[in-house]
Amino acid sequence: MSTDTAHDQDAVPAHRYTAALAGSIEQRWQQHWEEHGTYHAPNPVGPLSTGKPVPDDKLFVQDMFPYPSGAGLHVGHPLGFIGTDVFARYHRMNGRNVLHTMGFDAFGLPAEQYAVQTGQHPRTTTETNIETYLRQIRRLGLGHDERRRISTIDEGYYKWTQWIFLQVFNSWYDADAGRARPIDELIAQFADGSRPTPDGRPWAELSGTEQQAVLGEHRLAYLSEAPVNWCPGLGTVLANEEVTADGRSERGNFPVFRRSLRQWMMRITAYSDRLIDDLERLDWPEKVKAMQRNWIGRSHGARVRFAVGDESIEVFTTRPDTLFGATYAVLAPEHDLVDRIVPDEWPADVDPRWTEGAATPAEAVAAYRRAASTKSELDRQENRDKTGVFTGAYAVNPVNGARVPVFVADYVLMGYGTGAIMAVPGQDQRDWDFATKFGLPVVRTVRPSDGFEGEAFTGEGPAINSAFLDGMGVDDAKKTIIGWLEEHGHGRGTVQYKLRDWLFSRQRYWGEPFPVVYDSDGAPIALPDSMLPVVLPEVDDYSPRTFDPEDANSEPSPPLSRATEWTEVELDLGDGPKTYRRDTNTMPNWAGSCWYQLRYVDPTDDERFVGRENERYWLGPRTTEHGAADPGGVDLYIGGVEHAVLHLLYSRFWQKVLFDLGHVSGDEPYRRLFNQGYVQAYAYTDSRGTYVPADQVVEEDGKFFFEGREVNREYGKMGKSLKNVVTPDEMAETYGADTFRFYEMSMGPMDVSRPWATKDVVGAQRFLQRLWRNLVDENTGELRVTDEEPSEESLRALHRAVAGVREDYESLRYNTAGAKLIELNNHITKTYGGTAGTPRTIAEGVVQMLAPLSPHIAEELWSRLGHGESLAHGPFPRPDERYLVVDTVEYPIQVGGKVRSRVVVAAGASQDEVRAAALADEKIAELVGTATPRKVIVVPNRLVNIVL
RNA sequence: GCCCCCGUGGCCCAAUCGGCAGAGGCAGAUCCCUUAAAAGGAUUGCGGUACGGGUUCGAAUCCCGUCGGGGGCACCA
């Protein structure tokens with residue numbers, strides 16, 4: 001091994017661009033950049049300002065906030081980071097003021113779980129991981145403004161996360177004005193009587209506790225006793241978004257139970273309409289917009305009241321036009337009304353299928369509810385057989401006075417709409433299934449299309465069996481019936497959303513503490529800004545108490561509740577020193593990432609979360625550039641599609657609240673979003689299903705072998721357990737970071753997932769090696785550049801590349817940009833490889849164009865070409881039109897769609913001239929013969945097609 | 001079940017408005033250099049665009065259907 005290496009080194013010219021040379025160049029330039037603050041982006045004002053005016057032309061590029069995992073990076077992680085870096089570098093070279101940096105979303109469960117196991121403080125673990133992470137990304141040559149690095153666990157950062165929480169807490173949504181307002185303005189309305197209190201008493205007569213309770217109904221952050229997803233196995237409650245469709249925790253896969261707990265909620269539902277409608281103003285992938293719309297789930301319909309004795313059931317329906325076909329009604333098992341409508345006895349002649357054999361309706365309902373409550377969400381999911389039981393009560397269909405039986409059934413969910421439905425089996429398949437099972441009548445109220453042989457008909461058609469609606473289409477019928485319902489006081493048109501308020505408390509240690517305290521009444525009191533941050537206390541035990549995963553009745557006990565010296569605190573909040581209790585929950589992981597783009601802008605401001613002028617410069621709307629509807633926000637935000645709903649919805653919500661309260665100038669955080677694809681990898685399992693090291697598997701005739709035995713190939717993620725991890729460190733070691741960057745960007749378009757192939761990396765290395773050799777003598781290290789005037793052909797090749805590469809960089813097509821550079825370099829090799837050297841014009845052009853993709857080698861060559869200044873701020877070449885125009889065009893001539901000949905015509909030739917030239921061509925004349933072509937199509941600069 | 005995206009040489013991928021299927025890389029083949037090997041250099045494209053229809057003078061591109069892959073939602077009334 002050692003002798004081989006020595007031999008190899010003898011054979012390699014001293015100045016060849018090898019991994020070792022690349023490594024030393026890279027380290028040198030990384031140090032240079034850092035020492036010179038090359039990537040510092042000046043702010044208009046404040047400590048990060050240079051005191052000079054900033055250029056109006058700015059660009060804010062952002063990567064999705066990484067979590068500093070202990071496992072370190074694999075080659076998939078930097079795909080987006082390099083992508084943003086190339087974009088940022090390209091625009092920086094073109095003279096724009098570019099803000100690009102990276103911080104850390106550093107609160108989170110892994111560090112806490114590690115702490116639970118080892119007792120090591122999560123901060124220690126996290127900070128170590130951040131060090132590792134920074135070392136890894138530094139090696140990639142990312143042009144970050146390192147002064148702007150932030151971390152959510154820094155007190156200087158989470159102080160402002162807490163401050164924003166208080167802004168949300170101290171505001172309410174004025175539905176009439178369509179925006180959030182300070183809570184004081186609501187108090188003023190109550191106090192002066194312009195807004196009545198819920199029970200009509202004057203505001204001043206309410207006790208302090210009562211007043212707080214009323215305000216709690218309006219605050220955008222509020223405590224709620226509502227049912228939550230309690231996960232005993234994790235010892236915490238979870239947001240709806242963290243629970244899988246089969247009712248288990250997304251992390252850990254433990255059962256989740258619904259139970260009532262007092263938790264912080266964020267009233268994101270107040271913003272449902274704006275969150276949907278403003279999507280239109282964003283330059284985001286349609287897919288992500290669709291996912292957000294779907295998640296918010298706005299549907300238009302009506303609420304209709306069905307009388308049941310003295311009570312009435314309010315149902316929600318999106319198909320009020322089918323009201324005449326409602327043949328029964330259903331309440332969710334948890335619905336309050338059930339107990340009140342159940343009669344003492346079954347009606348005479350009750351259908352035996354409806355009673356479950358119970359002696360009385362009360363018994364039947366109780367048994368059904370019991371059964372439903374023990375059914376896990378998974379059971380409900382898997383078993384779509386309709387079940388239910390008759391309540392013994394009848395409701396009256398308001399539109400025709402029909403008596404319809406009321407059932408309890410778990411296919412109706414308490415959490416959506418009113419928890420009650422009118423069932424229209426003729427137009428709804430679920431209702432059809434239920435009706436069929438229980439022998440309920442079906443009345444069609446929309447005429448099915450001809451030949452329809454299905455069951456429920458959900459399509460368009462004229463109304464039938466619907467009295468005054470008959471003959472109307474669905475939309476007309478909806479409008480008409482809603483009018484009728486409103487006129488007669490039976491209901492009203494309404495809009496329903498799937499989106500629920502955001503559960504904002506976690507029973508965790510490693511998160512932001514809540515900046516509130518509770519008095520003896522248990523009412524939350526916001527701490528004044530001067531008391532922020534509320535710092536996390538030290539504790540002995542980091543674990544929340546976890547329970548038997550199946551124990552639904554267990555009580556949450558967060559780690560902070562054991563820090564008794566911290567939880568009980570004496571404070572003077574204006575009425576003398578009193579003892580208060582702190583909130584022992586912490587904020588969810590999403591909190592810190594909801595607003596980090598704002599802090600990147602002004603990371604050192606300790607007066608405000610972000611300085612106004614700096615915010616307006618980097619994130620404010622720019623209507624002249626982006627149109628009248630421009631919401632402002634980060635100019636390019638790149639990250640994986642996995643954050644399509646949660647992070648991106650929460651961020652938008654916070655941004656809108658801050659906007660409404662006048663703290664920021666734009667109402668959206670991210671103007672343009674781009675989802676990068678994933679780097680995936682093959683993994684191999686042997687006959688026992690055990691993963692074997694992927695780098696030792698060999699391929700033969702389409703089969704795969706490890707140590708001589710055939711193994712099975714799988715395709716998917718890269719991961720330690722799959723034994724297929726490739727790290728950027730290894731790539732930098734073996735090939736150099738510039739090669740790695742170039743290869744990673746060459747693999748395909750940014751938004752497409754692709755398999756990693758280490759063996760292909762050598763292509764990128766060869767390219768950089770050839771480029772180096774074209775400019776530097778491998779044996780002497782002398783510059784191989786001449787002051788010769790390049791040939792016309794070379795200038796054309798150069799400027800064609802400049803024009804194409806510019807477009808490619810601008811539209812994130814780095815793979816084709818790379819290909820054009822290789823093409824140009826191939827031209828240089830061919831033309832000047834055997835000469836004294838490459839003409840300087842060409843050499844400088846190719847180096848400049850390479851810089852965004854492979855910045856270190858470009859800086860090195862640029863400096864060797866005699867330039868004292870870094871290439872980071874340009875120049876980037878512009879195409880010269882003179883070399884883009886062509887003198888002649890070769891037209892292929894098709895006859896009947898097949899290429900039969902070619903003619904060369906002057907570039908400016910008119911269509912008639914091209915046509916004449918084509919018809920005059922010998923081969924064509926022969927084919928056409930004496931016939932007159934039916935049609936001759938001339939596509940300028942493309943081709944000629946003759947139709948005989 | 002519903003919705004969205006994607007199928008191009010052995011592999012990763014190009015092809016701007018519907019206009020000659022091929023820019024680039026890997027692998028392969030041949031040759032040059034070399035005592036030899038590696039590295040380097042030169043030359044080299046074998047698929048007609050998953051499949052079946054349709055529109056068009058002309059389809060990888062547009063439309064319909066099928067198959068395959070990936071993703072999202074899922075008893076949301």
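Everything numeric in this text was worked out from a predicted model, so none of it was measured.
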For B:C11, does the O4'-C1'-N9-C4 (purine) or O4'-C1'-N1-C2 (pyrimidine) torsion place it in syn, i.e. within 90° of 0, or in anti? anti

Distance, C1' atom - from B:U61 to B:A15, rounded to whole angstrom: 10 Å

When we call it a touch if two heavy atoms are under 4.0 Å apart, what does A:Ser746 touch: a base, just sugar-phosphate, or nothing? nothing

In terms of the nearest nucleotide of RNA chain B, which residue is placed more toward the 5' end: A:Val641 or A:Thr418? A:Val641

The side chain of A:Val939 lies closest to which of these nucleotides: B:C12, B:G19, B:C26? B:G19

Which heavy-atom pair separates A:Val805 from A:Ala817 by the least distance, and what is that distance? CG2-O, 3.9 Å

OP1, OP2 of B:G41 versus side-chain N and O of A:Arg766: anything below 4.0 Å? no

Counting only Watson-Crick or G-U wobble pairs whose two distances fall under 3.5 Å, which nucleotide matches B:G22? B:C13

Mind checking A:Asn826 for me? I need base, sugar-phosphate or nothing, with any heavy atom below 4.0 Å counting as a touch. sugar-phosphate

Any side-chain N or O of A:Arg293 less than 4.0 Å from the OP1 or OP2 oxygen of B:C3? no

Under 6.0 Å between ring centres: does that hold for A:Tyr684 and A:Phe704? yes

May I ask you to say what A:Lys498 touches in the nucleic acid, namely base, sugar-phosphate or nothing, with a heavy-atom cut-off under 4.0 Å? base

How far does the P atom of B:G45 sit from the matching atom of B:A23, given to the nearest Å? 11 Å

Does A:Asp321 pair with A:Arg319 as a salt bridge, N-O distance under 4.0 Å? yes

Do A:Glu793 and A:His827 come close enough that some side-chain heavy atom pair is under 4.5 Å? yes

Taking C-beta and beyond as the side chain, do A:Arg492 and A:Leu485 meet within less than 4.5 Å on heavy atoms? no

Quick one: salt bridge (charged side-chain N to carboxylate O under 4.0 Å, His left out) pairs with a partner in residues 753-776 of chain A, sequence neighbours left out? A:Arg773-A:Glu778

Applying the 3.5 Å cut-off to both distances, the Watson-Crick or G-U partner of B:U43 turns out to be B:A29

Work out how far the P atom of B:A27 is from that of B:G22, and round it to whole angstrom. 23 Å

I need the CD-P distance between A:Gln429 and B:C2, as an integer number of Å. 12 Å

Taking the side chain of A:Thr816 as its heavy atoms from C-beta onward, which of B:G19, B:A14, B:A39 lies nearest to it? B:A14

Considering only heavy side-chain atoms of A:Glu823, the closest of B:A77, B:A23, B:G40 is B:A23

May I ask you to check whether A:Phe434 and A:Phe407 place their ring centres under 6.0 Å from each other? yes

Any idea which of B:G72, B:A77, B:G25 is nearest the A:Arg770 side chain? B:G25

Please encode protein proximity along nucleotides 55-65 of chain B as a string of B, S and -, counting only heavy-atom distances under 4.0 Å. --BS-------

Selected nucleotide, minimal atom distance to A:Tyr416 side chain, candidates B:C12, B:C75, B:A77: B:A77

Enumerate, atom names and distances included, each donor-acceptor pair closer than 3.5 Å involving a side-chain atom of residues 742-751 of chain A, sequence neighbours excluded.
residue  : atom : partner  : partner atom : Å
A:Tyr743 : OH   : A:Ala757 : O            : 3.4
A:Glu744 : OE2  : A:Leu79  : N            : 3.2
A:Ser746 : OG   : A:Phe742 : O            : 2.6

Between A:Pro749 and A:Lys830, the residue closer to the 5' end of RNA chain B by nearest nucleotide is A:Pro749

Closest of B:C20, B:A77, B:C73 to the A:Trp295 side chain is B:C73

Atom-to-atom span, CD of A:Glu286 to C1' of B:G72 - whole angstrom: 14 Å

Whole Å only: how far is the CD atom of A:Glu890 from the P atom of B:G19? 18 Å

Could you work out which one of B:G19, B:A23, B:C13 sits closest to the side chain of A:Ala819? B:A23

Closest to side chain of A:Leu943, choosing from B:G24, B:G19, B:C73: B:G19

